[in-house]
Colleague: 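Structure below; questions to follow.
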Amino acid sequence: MAGPPLSLADFDEMPVGRLKGIGPKREAGFAALGITTLYDVLTTYPRRYIDRTNEATIAELMPGDEGMVVVEIVNVTSRKTRNRKTMVLVDVRDQTGRLRITFFNQAWRTRKLHAGMHAIIFGRCEEYRGSRQMTNPVVDLIGDQTGRIVPVYPSSEKAGIGTAELTLAASETLRRSAQRGLADPVPDAFIKRHDLIDRTTALHRIHAPESMGQVDHARRRLIYDELFRIQVALVRRKRELEASQIGVGHDPDGVLVDQFLANLAFELTGAQRRTIDELFGDLVDPAPMHRLLQGDVGAGKTVVAVAGLLAAVQGGHQGALMAPTEVLAEQHFAAVREMVTGLEVADPGTLTGTRPLGISLLTNRTTAAERRALEEGLATGRVDLLIGTHALIQESVSFPSLGLVVIDEQHRFGVEQRAALRDKGADGAVPDVLVMTATPIPRTAAMTVYGDLDVSVLDEMPPGRTPIRTSWVRLPVEDEHGQIDMTGVDPNAESAMWEHVRAQVSEGRQVYVVTPLVEESAKLEVSSAEETFVRLQSEELAGLQLGLLHGRVSSAEKEETMSQFRAGRLQVLVATTVIEVGVDVPNATVMVILDADRFGIAQLHQLRGRVGRGSHESYCYLVAAAANPIAESRVEALVGSTDGFELAEIDLDLRGEGTIMGERQKGRSDLKLASLRRDRYWVEKAREDAFALLDADPDLSGHPALLAEVDRLLADDETDFLLKS
Ligand code: ADP
Ligand code: MG
């Protein structure tokens, strides 16, 4: 008896061992490739296709031509050459003739290639002593496939799974499901609107296409499916959060906010004004806010955050701002306190009916006595704004009426820490949450990575900033034989850089030197920082006042060094990436990054953002050898652009989405066909569609198959939602 059509969720419940011809051994092989269910089989897509319509016969191949031939292997032998290299000789044939294939240094070929196998060979035909041959061609084993387009799957020699096994598994899965048919849970209207083919056809065509055109159509449909499922999950989560929680309705129109904005020493940028409007729009609404503010380093996120915090205070609530490090928390505290000096809040308990706005700092350095006073101030409502580190989320800290939580550099906090702060809301009301990041990611990537949040973008820099001049100080590359390659290297560039550093210092400016990143070991990183410090102090920068900061410096010492640097008593700060976030010393004008090729684009951009914060012209030196093309492209990107969003696009191009998605969505739900970069258009369409669908059918009760797929295929792995309860 045939059941209802099969959804992908159904396939995910069927172990791969259910297929004919797959016993425990082969099942283990599949498992090694991450394939355990028939859903995995269907969504393990070919890496590429061989178009056999371009195929030649052996007789047609002319010496000098590049070509593809489909052959049978006749004989495989191997021997050593005079200089002790392995040479594998393979004789192949088709109906028209024979060809000799030679592999150098590929001894493993003898294990893979055997007489009687069918293979597709692609390479250049040569003539050698009167017979035709190919040297080191590309070989694909195809089993006895007859289609004109031959899919090539990811393979694992170790697991014994390759194209032949995967082709068979996919066709067997599709054949066996033919009776019940495949469910197509994506609403018809969307399929029609986007002119997509149905899912059954798409799956058949991706695994067994008759033309490359068919592959394109299939990919389009399956890419849409992937993106649509993710968006449905995200939008549904977003809507659920909004519906299930009682938030605080604020009134952003009031004297406190007005005075704050009027007192600012500068004009807001257009982007700040727009972002504050977006923020206020959410704050008025009693549904809890979950908004992400993306803005490049120096774009002025703090003002936006403070405007929001004051809107909360104005209505009698409290506001909290959490930063990832003590240095940053202290800096925020100093900056915000200055911005709000002179502001008064209503307090009927006083003679005048007002009192100064109460603002406090809480970090691990806060003493027990200060802490008691602070906790009392919070309890009586005299502390309106609390700024601090993760100390804010300790048990003993309680707010009578927390209205808005701002989390700076959100990626530095774990989900639990963010949730803990939000849970500090009293009387069952959930405070609004604004998370901020200075690591912008492209819009469509944000729609996916932060798709359960509303996103505001601060994409305009305050005026009057002189752009940072970035240059690449190129070091020679040394190859494995100790050969030095001086291509593009100016031997004087490095000493010229240190001279420029000294010149800037003698003009009263300050300098950061970032020491090499040692990812494998924090200990090595510290010693590399110490070595650099000692060397610079005795050589390149002898006579200057240098300070040293790294991860093993105690926090008291760290603060001492920072305050000396801030006060200008230190001229050069040698540091590891501990200075990456938030350090703000406007007098610092030079950033030297050693071994810059080891850092990622986002990190280099963050580090560079430590200079160019004042009115003086600033410089960034990236000291790096062109060790590999990707590292080179990263350094070149930094030289070519100071726009964080543009750099984020380049980064996405260079790294692919794996890493971005990895921040939030791990495991199977990773995009298999879709690319957040290439498929931007489909990300947007999928999101629009998800909103339309969930607005019409909020609990998806009218779309049970879709619901099952979203729950089954995404729920397990996607627990790391930013504001997960
Ligand atoms: P970030 O987005 O990196 O957190 P900040 O909020 O720290 O940036 O702002 C960087 C600097 O720019 C601060 O000194 C701030 O006072 C200043 N600033 C912010 N907005 C403006 C503006 N509209 N015009 C001029 N300066 C501004
Ligand atoms: Mg900031």
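Just follow the structure's listing: the first ligand is 1, and inside any ligand the first atom is 1. Throughout, residue positions are numbered sequentially from 1 according to the sequence presented. Bear in mind that the values here come from a model prediction, so they are computed numbers and not experimental data. All values below were derived from every heavy atom in this structure, side-chain atoms included, with hydrogens, water molecules and symmetry-related copies excluded.
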Colleague: Looking at Glu267, which atoms of ligand 1 are within less than 4.0 Å of one of its heavy atoms?
Modeller: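 Once the distances to Glu267 are compared, the set is 22 (C), 23 (N), 24 (N).
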Colleague: Which of the atoms in ligand 1, numbered in the order shown and given with their element, are less than 4.0 Å from a heavy-atom of Thr302?
Modeller: 4 (O), 5 (P), 6 (O), 7 (O)
Colleague: If the cut-off is 4.0 Å to any non-hydrogen atom of Pro462, which atoms of ligand 1 fall inside it?
Modeller: 20 (N), 21 (C), 22 (C), 24 (N), 25 (C), 26 (N), 27 (C)
Colleague: So is Asp296 close enough to ligand 1, meaning a heavy atom under 4.0 angstrom away?
Modeller: yes
Colleague: What atoms of ligand 1 come closer than 4.0 angstrom to any heavy atom of Thr269?
Modeller: 23 (N)
Colleague: Give a yes/no on ligand 1: does Gly298 have at least one heavy atom closer than 4.0 angstrom to it?
Modeller: yes
Colleague: With heavy atoms only and a cut-off of under 4.0 Å, state how Met436 meets ligand 1: side chain, backbone, both or neither.
Modeller: neither
Colleague: Going by the angle between their ring planes, with limits at 30° and 60°, are Phe565 and Tyr512 parallel, tilted or perpendicular?
Modeller: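 It falls in the tilted class, 30° to 60°.
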Colleague: Do the charged groups of Glu559 and Arg566 touch, with an N to O distance under 4.0 Å?
Modeller: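 Looking at Arg566 together with Glu559, the answer is yes, because their closest N to O distance falls below 4.0 Å.
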Colleague: Looking only at distances, can you tell me whether any N or O atom of Gly295, backbone or side chain, sits closer than 3.5 Å to an N or O atom of ligand 1?
Modeller: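 No; the residue has no nitrogen or oxygen that sits under 3.5 Å from a nitrogen or oxygen of the ligand.
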Colleague: Below 4.0 Å, non-hydrogen atoms only: which portion of Leu268 touches ligand 1? Side chain, backbone, both or neither.
Modeller: backbone
Colleague: With a 4.0 Å cut-off on N to O distance, would you call Asp459 and Arg274 a salt bridge?
Modeller: yes
Colleague: Check the side chains of Thr275 and Gln272 for a donor-acceptor pair under 3.5 angstrom, ignoring hydrogens and angles.
Modeller: no
Colleague: Working to the nearest 0.5 Å, report the span between SG of Cys620 and CG of Leu607.
Modeller: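 The SG atom of Cys620 sits 8.0 Å away from the CG atom of Leu607.
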Colleague: Atom CE of Met497 and atom CG of Leu622: how far apart are they, to the nearest 0.5 Å?
Modeller: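 One gets 10.0 Å once the value is rounded to the nearest 0.5 Å.
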Colleague: State whether a side-chain donor-acceptor pair under 3.5 Å links His616 with Thr589.
Modeller: no
